Number of protein chains: 2
Amino acid sequence: MIINIMERFKNIGLKLTPQRVAILEYLDGNTSHPSAEDIYRHVKERFPMISFATVYNTLEALRKRGLILELTIDPDRKRYDPNIHPHHHLICLRCKSVVDVNLEFDVPVPDDVRGRFEILGNHIEFYGICEQCKKEGGDDNGSL
Amino acid sequence: MIINIMERFKNIGLKLTPQRVAILEYLDGNTSHPSAEDIYRHVKERFPMISFATVYNTLEALRKRGLILELTIDPDRKRYDPNIHPHHHLICLRCKSVVDVNLEFDVPVPDDVRGRFEILGNHIEFYGICEQCKKEGGDDNGSL
DNA sequence: AATAGTAATGATAATAAATATCATGGAAAG
DNA sequence: CTTTCCATGATATTTATTATCATTACTATT
Ligand SMILES: [Mn+2]
Ligand SMILES: [Mn+2]
Ligand SMILES: [Zn+2]
Ligand SMILES: [Zn+2]
């Protein structure tokens, strides 16, 4: 698993530095959809001298090669997803946690639209309140 | 049409200032999904002394009352939508133009997921290349 | 009309995410 | 060993967004 993403990383013409390995290890199999800061904080624990710039550089390198997805689902910050297989997401309006929805949905767009716009893919975001937040109560449902 | 959104604006307990009228008039029926800066620039033409803060204040007031939607579809900036009826969007990966998709899709989420997450709504973003950009050619398809 | 209370404006400052610069260091190639 | 190249990390910059706050413009009351 880790070998795969690391092999792909190397084969794609990028150097496998210790910092990058740490980032890749944190991302591999991670379904928490972390932000750049999340990644920075976790990698920093085992690699205290790492720079924020390296995190951003690595994420950009991965994104450009299609090895991770950059999600715009959170209004506050970009979130990253090592799962590049087409799937959808739930986002909690209160705590902003993002959960995978590994289902295929049929979303047929009529030909007249397709004629005016080449559709390359789609992404469904479901928004609501997660279990944890519902337990904790409160009435603020977040923005939208 | 304009009367409606303005009436609703007043009835909701907000004052109808000239700046706000200008913003509302620009937004009403607007399907371009403008950013705050877009709105600022256009309103500024007829109202040169308007402040960016007033644009943001007004947008926030409208959003809080549910009179506009704040879209996170563009990785670079928030986009605003005066059409609050549930609908979906196409976004062009090259020019970032956003187009409405006024179709209803059935996206049934299984009960086991619904049990762990209270789903309040959904939004489908289709991504691809718009007609204009396809004409202009080029090979860069944008990020994702 | 004067007053007092309230809310919006706009100038400006502050915050925070993301990107850009660049000197230094280290791996890899020759 | 020497040169080349790339990544790192410190730092600066950019950009979007939010926060502050004094001034101004209404609104309601007397
Ligand atoms: Mn995911
Ligand atoms: Mn729309
Ligand atoms: Zn939550
Ligand atoms: Zn386009």
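A quick note: this is a predicted structure, and the numbers were derived from the prediction, not measured. Throughout, protein chains are lettered first and strands after them, A, B, ... in sequence-line order, and every chain is numbered starting at 1.
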Tell me: CD of A/E70 to P of C/dA18, nearest whole Å? 8 Å
Report the distance from atom OH of A/Y56 to atom P of D/dT13, rounded to the nearest whole Å. 18 Å
Here the distance between atom P of D/dT8 and atom CG of A/N57, to the nearest Å, is 7 Å
Gap between atoms NZ and C1', on B/K96 and D/dT15 respectively (whole Å): 14 Å
By the salt bridge (charged side-chain N to carboxylate O under 4.0 Å, His left out) test, which pairs, at least two apart or in different chains, include something from residues 45-56 of chain B? none
Taking atom CD of B/E60 as the centre, does the number of heavy atoms from other residues, nucleotides or ligands within less than 6.0 Å exceed 12? yes
How close or far is atom C1' of C/dA18 from atom CG of B/D74, stated in whole angstroms? 14 Å
Residues in salt bridge (charged side-chain N to carboxylate O under 4.0 Å, His left out) contact with A/R77, at least two apart in sequence or another chain: none
Just call it for B/E60: base, sugar-phosphate, or nothing, with non-hydrogen atoms closer than 4.0 Å on any strand. nothing
Between C/dA7 (P) and B/K64 (NZ): distance, integer Å: 12 Å
Assign each of B/R77 and B/P18 the nucleotide of DNA chain D bearing its closest heavy atom; nearer the 5' end lies the nucleotide of B/R77
For B/E136, all residues meeting salt bridge (charged side-chain N to carboxylate O under 4.0 Å, His left out), sequence neighbours excluded: none
Would you compute the distance between atom CG of B/N83 and atom CG of B/L69 and round it to the nearest 0.5 angstrom? 7.5 Å
What is the nucleic acid contact for B/D76, judged by heavy atoms within less than 4.0 Å: base, sugar-phosphate only, or nothing? sugar-phosphate
Those residues at least two apart in sequence (or on a different chain) that pass side chain to side chain donor-acceptor pair (under 3.5 Å) with B/Y40 are B/K44
Considering only C/dT19, D/dG9, C/dT9, which nucleotide approaches the side chain of A/A53 most closely? D/dG9
Protein-nucleotide distance (A/L59, atom CG; D/dT8, atom C1'), rounded to Å: 15 Å
B/Q19 side-chain N/O to C/dG10 phosphate OP1/OP2 under 4.0 Å: yes
Could you tell me how far apart A/I12 (CD1) and D/dC6 (C1') are, to the nearest whole angstrom? 17 Å
Does the side chain of A/T54 get closer than 4.0 angstrom to OP1 or OP2 of D/dG9 through an N or O atom? yes
Tell me, which of residues 35-52 of chain A have any heavy atom that sits under 4.0 Å from an atom in DNA chain C? none
Suppose we screen for side-chain contact (heavy atoms from CB on, under 4.5 Å). Which residues come up paired with B/T72, at least two apart in sequence or across chains? A/P75, A/E125
Looking for any heavy atom pair under 4.0 Å, which part of the strands does A/T17 touch: base, sugar-phosphate only, or nothing? sugar-phosphate
Taken in chain and number order and not counting sequence neighbours, the residues that satisfy side chain to side chain donor-acceptor pair (under 3.5 Å) with B/N122 are none
I'd like to check the side chain to side chain donor-acceptor pair (under 3.5 Å) partners of B/K134; sequence neighbours left out, ordered by chain and number. none
N/O to N/O distances under 3.5 Å, protein versus nucleotides 27-30 of chain C:
none

What's the spacing between A/C130 SG and B/R116 CZ if we round to 0.5 Å? 11.0 Å
